[in-house]
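Index from 1, following the sequence. Note that this is a predicted model, so its numbers are computed, not measured. Note that these values count all heavy atoms, side chains included, but never hydrogens, waters or copies made by symmetry.
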Amino acid sequence: MASTDKPDRESIKSEEAPAAPPRRSNYSSVHVALRVLLFAASVTAVVVMVTAKQTEIVPVPGLPISVPLEAKFSDSPAFIYFISALSVAGLYGILTTLASISVVLKPAYATRFLLHFALLDVLMLGIVASATGAAGGVAYIGLKGNSHVRWGKVCNVYDKFCQHVGSSIAVALFASVLLVLLTMLSVFSIYRKIPK
């Protein structure tokens with residue numbers, strides 16, 4: 001009996017759909033875009049905080065005189081830490097942007113860079129989040145005060161200063177979210193490179 005009843009393997013292969021070309025991942029371009037945004041957010045937060053100054057005539061308690069008092073970011077160690085941390089984040093953002101561009105141009109080192117990015121992004125996230133939390137705590141006391149320890153609120157007097165501080169903290173929160181996204185993207189990119 002002839003083997004014409006069974007299709008041979010070559011005819012089966014020719015009938016299968018052609019394999020789709022490998023889809024190029026766009027993770028690298030997303031990395032670059034998020035790192036540029038991280039740099040921009042960090043620099044914006046620093047600039048807004050550094051320009052937070054306001055001078056007001058304030059009455060001296062117990063005396064019938066008023067004196068000009070200036071509120072500026074350097075009056076609070078938490079704000080100085082905030083400026084330092086966000087400055088480091090801005091530098092980190094520009095350096096990793098350049099590194100991401102080099103990975104796009106030479107993808108052979110992508111896995112190694114992604115691992116380093118994931119670790120450094122987590123470290124930078126911790127720094128930026130802690131600085132944002134410290135500055136936010138001081139800003140909240142400035143806004144609401146604390147009657148238990150008799151700290152009065154100051155934002156009713158230094159309104160423009162408090163607006164600058166609040167805006168800077170909001171931009172820093174955005175930078176923290178960007179760092180979370182970058183970390184997740186790096187880990188997911190590494191996961192996709194694991195052979196199945």
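Nearest heavy-atom pair across T97 and G93 is OG1-O, 2.6 Å. In plain terms, the two heavy atoms of P68 and I57 that are nearest each other are CB-CD1, 3.7 Å. Here the shortest heavy-atom pairing between I80 and S74 reads CD1-O, 3.7 Å. Across all non-hydrogen atoms, the minimal contact from S186 to R35 is OG-NH2, 4.2 Å. Contact record, A78 with V138: CB-CG2, 3.5 Å, taken as the closest heavy-atom pair. Of all the heavy atoms in A85 and I127, the pair that sits closest is CB-CG2, 3.7 Å.
Within the 3.5 Å criterion, the main-chain N or O of V48 finds a donor-acceptor partner in the side chain of H164. Put simply, the side chain of Q54 gets close to the backbone of K160: a donor and an acceptor are under 3.5 Å apart. Using a distance-only test at 3.5 Å, with no hydrogens or angles considered, no donor-acceptor pair links the side chain of D159 to the main chain of N156.
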Evaluate side-chain contact (heavy atoms from CB on, under 4.5 Å) for V128 paired with L179, printing each intermediate quantity in order. CA-CA 9 Å; V128 171; L179 282 164; 3.9 Å; yes
Assess the residue pair M124 and V88 against the criterion (side-chain contact (heavy atoms from CB on, under 4.5 Å)); give the C-alpha distance rounded to whole Å, side-chain angles, the decisive distance to 0.1 Å, and a yes or no. CA-CA 9 Å; M124 194 55 56; V88 169; 3.8 Å; yes
Going through the checks in order, is the side-chain contact (heavy atoms from CB on, under 4.5 Å) test met by L185 and V30? CA-CA 9 Å; L185 187 61; V30 173; 3.5 Å; yes
Before giving the answer on side-chain contact (heavy atoms from CB on, under 4.5 Å), spell out for L69 and T55 the whole-Å C-alpha distance, their side-chain angles and the decisive distance to 0.1 Å. CA-CA 5 Å; L69 288 178; T55 304; over 6 Å; no
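S189 has its side chain within reach of H31: a pair of non-hydrogen atoms, C-beta onward, lies under 4.5 Å apart. With contacts defined as side-chain heavy-atom distances shorter than 4.5 Å, the pair L123/L119 does not qualify. Contact check for L120 versus T96: no side-chain heavy atoms found under the 4.5 Å cut-off. Counting heavy atoms from C-beta outward, Y92 and D121 have side chains that approach closer than 4.5 Å. L125 has its side chain within reach of V180: a pair of non-hydrogen atoms, C-beta onward, lies under 4.5 Å apart. Proximity of V104 to V32: side-chain heavy atoms (C-beta onward) are separated by under 4.5 Å at one or more points. Between T132 and S176 the shortest side-chain heavy-atom distance falls below 4.5 Å. Under the 4.5 Å side-chain criterion, counting only non-hydrogen atoms from C-beta, V149 is in contact with N146.
Cluster membership check: V122 does not share its hydrophobic cluster with L115, using side-chain heavy-atom separations under 4.5 Å among Ile, Leu, Val, Met, Phe, Trp and Tyr. A chain of hydrophobic side-chain contacts below 4.5 Å, direct or via other Ile, Leu, Val, Met, Phe, Trp or Tyr residues, connects F161 to V157. Residue L98 is not grouped with residue L37 when hydrophobic side chains (ILVMFWY) are merged at heavy-atom distances under 4.5 angstrom, including chains of intermediate members. Grouping the Ile, Leu, Val, Met, Phe, Trp and Tyr side chains by contacts below 4.5 angstrom, directly or via other members, places V50 with F79. In the hydrophobic clustering of ILVMFWY residues, with side-chain heavy atoms under 4.5 Å counting as a link, V46 and V171 come out apart.
L91 shares a hydrophobic cluster with F39, V43, V47, I94, L95; the chain of contacts runs through ILVMFWY side chains whose heavy atoms sit under 4.5 Å apart.
M49 contributes atom CE, which lies 8.0 Å from atom OG of S76 (distance to the nearest 0.5 angstrom). Distance CG/L86 to OG/S168: 6.5 Å, rounded to 0.5 Å. In this structure, CD1 on I101 lies 11.5 Å from OG on S29, to the nearest 0.5 angstrom. Between the OH atom of Y158 and the NZ atom of K53 there is a distance of 14.0 Å, given to the nearest 0.5 Å. We find the SG-OH distance between C162 and Y140 to be 13.5 Å, quoted to the nearest 0.5 Å. The distance from atom CG of L114 to atom CZ of R192, rounded to the nearest 0.5 Å, is 12.0 Å.
The side-chain tip of R112 does not point at the ring of F117 from less than 6.0 angstrom away and within 45° of straight on.
For the residue pair S130 / Y81, a side-chain donor-acceptor distance below 3.5 Å is found, with atom types taken as modelled.
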